[in-house]
Amino acid sequence: MEHSQSHKASLEAQVKLLNRMYSERDAQDILEHALREQFAGEIALVSSFGADSSVLLHMISQIDVRIPVLFVDTGKLFGETKRYRDELVEQLGLLDVRVITPDPEDLAEKDPKGALWATDTDACCHIRKVVPLAEALGGFEAWISGRKRHQASTRASLEHFELEEGRIKVNPLANWTATEVLQYAKDNGLPPHPLVAEGYPSIGCMPCTDKVAPGEDPRSGRWRGQNKTECGIHFSSASKGGAAQSI
């Protein structure tokens with residue numbers, strides 16, 4: 001217990017220092033430091049291959065195409081997302097994209113008809129996304145997320161480095177605007193996710209993603225009509241068996 005508390009205090013101090021050092025640095029500098037120095041060989045990018053994903057994927061491809069990329073295929077994704085993943089992997093030359101899937105036994109027990117999303121979205125997210133990703137991250141000290149402050153009020157105070165579940169999460173694009181994301185993609189010839197043009201600025205699983213009207217919060221189409229704003233991977237959770245919590 002004493003060692004665990006000491007380790008947590010050490011990580012908290014590390015996060016505080018990193019945020020102080022990199023608060024004014026750009027995303028590329030943050031990634032360079034995380035991938036080549038601070039967490040070299042012990043870090044992965046978690047990507048949904050969603051609306052904004054091409055930016056971080058391109059940035060890491062410029063550093064090392066062998067960086068592990070974890071992609072959770074929940075079994076409920078849009079076909080467009082999987083085809084977009086394949087397109088980006090080929091264009092960027094990524095060599096270590098790992099497809100993470102839910103445990104078949106877990107699905108057979110808790111979602112045998114594949115319709116859990118209709119009655120309990122938290123439980124569905126938990127078995128299809130939170131638990132598989134938590135297990136896949138087991139071998140890493142840190143992971144990279146593409147979250148940004150502008151995406152939702154719940155992300156307004158997002159920092160570049162966070163501590164969750166004994167692991168450091170890096171958010172290189174935390175202070176980026178939607179305009180900056182679009183400009184970076186344009187400048188680097190990155191293709192857009194095909195569903196963006198159809199009114200989906202944030203893309204998750206097909207049953208729980210709706211179109212967004214102009215002026216709405218970009219994530220308002222996710223679990224529309226429910227008091228739910230995150231799938232659970234951005235809270236702290238799986239190990240606790242919580243459904244609506246996040247890692």
Side-chain angles (χ1 to χ4, degrees), residues 1-23 25-50 52-73 85 88-89 92-103 129-148 155 158-176 230-240 245-247:
M1 177 67 79
E2 188 174 329
H3 172 73
S4 176
Q5 290 177 338
S6 173
H7 181 61
K8 182 182 179 184
S10 173
L11 290 176
E12 288 174 340
Q14 191 176 36
V15 165
K16 187 178 293 185
L17 177 62
L18 287 168
N19 278 320
R20 192 159 58 234
M21 291 172 58
Y22 285 88
S23 63
R25 304 287 286 275
D26 62 31
Q28 288 90 342
D29 284 346
I30 293 171
L31 277 175
E32 288 268 359
H33 178 77
L35 295 171
R36 288 185 164 157
E37 298 178 40
Q38 191 86 25
F39 308 111
E42 302 293 342
I43 187 169
L45 167 65
V46 175
S47 180
S48 65
F49 285 83
D52 295 342
S53 297
S54 65
V55 171
L56 272 182
L57 290 163
H58 179 266
M59 286 181 176
I60 69 159
S61 76
Q62 299 303 296
I63 297 172
D64 189 345
V65 292
R66 298 167 298 175
I67 298 296
V69 177
L70 308 185
F71 169 74
V72 181
D73 183 350
R85 172 200 63 196
L88 284 176
V89 168
L92 300 177
L94 299 171
L95 296 180
D96 192 6
V97 176
R98 305 178 188 182
V99 179
I100 313 301
T101 57
D103 181 345
K129 194 166 185 178
V130 177
V131 171
L133 180 59
E135 292 176 352
L137 284 170
F140 297 98
E141 291 184 2
W143 60 291
I144 302 164
S145 151
R147 290 179 304 155
K148 304 163 206 69
R155 298 181 177 183
L158 184 67
E159 295 195 279
H160 287 123
F161 296 89
E162 303 172 278
L163 176 61
E164 286 184 359
E165 298 287 316
R167 187 176 291 113
I168 292 178
K169 184 156 58 175
V170 186
N171 307 303
L173 306 181
N175 59 353
W176 278 44
E230 301 281 358
C231 63
I233 68 168
H234 295 297
F235 306 114
S236 57
S237 90
S239 59
K240 298 174 183 174
Q245 310 167 45
S246 334
I247 33 185

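Keep in mind that what you see is a predicted model, and the values were worked out from it rather than measured. Basis for what follows: all heavy atoms, side chains included, without hydrogens, waters or symmetry-related copies.
Between atom CE of residue Met59 and atom CD of residue Glu32 there is a gap of 11.0 Å, rounded to the nearest 0.5 Å. Remark: Leu88 CG to Phe49 CZ distance equals 6.5 Å, nearest 0.5 Å. Once rounded to the nearest 0.5 Å, the distance linking CD of Glu165 with NZ of Lys8 reads 9.5 Å. In this structure, CD1 in Ile100 is found 12.5 Å from NZ in Lys129, a value given to the nearest 0.5 Å.
Between Ser61 and Leu94 there is a side-chain heavy-atom pair separated by less than 4.5 Å. Under the 4.5 Å side-chain criterion, counting only non-hydrogen atoms from C-beta, Leu35 is in contact with Ile43. Between Leu18 and Val170, every side-chain heavy-atom pair lies at or beyond the 4.5 Å cut-off. For the pair Trp143 and Leu70, the minimum side-chain heavy-atom distance is 4.5 Å or more. Within the 4.5 Å cutoff, side-chain heavy atoms of Ile60 are placed close to those of Val69. Two residues are said to be in side-chain contact when any heavy atoms from C-beta on lie closer than 4.5 Å; Ser47 and Leu56 fail this criterion.
Side chain of Arg85 to backbone of Val97: no donor-acceptor contact under 3.5 angstrom is found. Side-chain atoms of Asp96 never come within 3.5 Å of backbone atoms of Ile67 as a donor-acceptor pair (strictly under, hydrogens ignored). Put simply, the side chain of Lys148 gets close to the backbone of Gly146: a donor and an acceptor are under 3.5 Å apart. Distance alone, capped at 3.5 Å, places no donor-acceptor pair between the Arg98 side chain and the Pro68 backbone. Between the side chain of Arg36 and the backbone N or O of Ile63, at least one donor-acceptor pair lies under 3.5 Å. The backbone N or O of Thr101 lies less than 3.5 Å from no partner atom in the side chain of Asp73, so there is not a single donor-acceptor pair.
Residues that satisfy the salt bridge (charged side-chain N to carboxylate O under 4.0 Å, His left out) test with Asp103, not counting sequence neighbours, are absent from this structure. Evaluation of the salt bridge (charged side-chain N to carboxylate O under 4.0 Å, His left out) rule for Asp64 yields Arg66 as partners, not counting sequence neighbours. In this view, Asp29 and Arg25 satisfy the side-chain hydrogen bond (donor to acceptor under 3.5 Å, both in side chains) rule, not counting sequence neighbours.
Aromatic ring orientation, His33 versus Tyr22: tilted (interplanar angle from 30° to 60°).
In terms of heavy atoms, Arg147 sits closest to Asn171 at NH2-OD1, 3.5 Å. Residues Lys169 and Ser145 share a closest heavy-atom pair of CD-CB, 3.9 Å. The two residues Pro132 and Pro102 have their closest heavy-atom pair at CG-CA, 3.7 Å. Summarising the geometry of Ala27 relative to Pro172, their closest heavy-atom pair is CB-O, 3.4 Å, with the distance given to 0.1 Å. Heavy-atom minimum distance, His160 versus Asn175: NE2-OD1, 3.7 Å. Shortest non-hydrogen contact noted between Val65 and Gly93 is CB-O, 3.4 Å.
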For Leu173 and Asp52, what are the C-alpha separation, side-chain angles and deciding distance, and is it a side chain to side chain contact (heavy atoms under 4.5 Å, CB included)?
CA-CA 10 Å; Leu173 306 181; Asp52 295 342; over 6 Å; no
Stepwise, does the side chain to side chain contact (heavy atoms under 4.5 Å, CB included) test hold for Val55 with Trp176?
CA-CA 11 Å; Val55 171; Trp176 278 44; 4.0 Å; yes
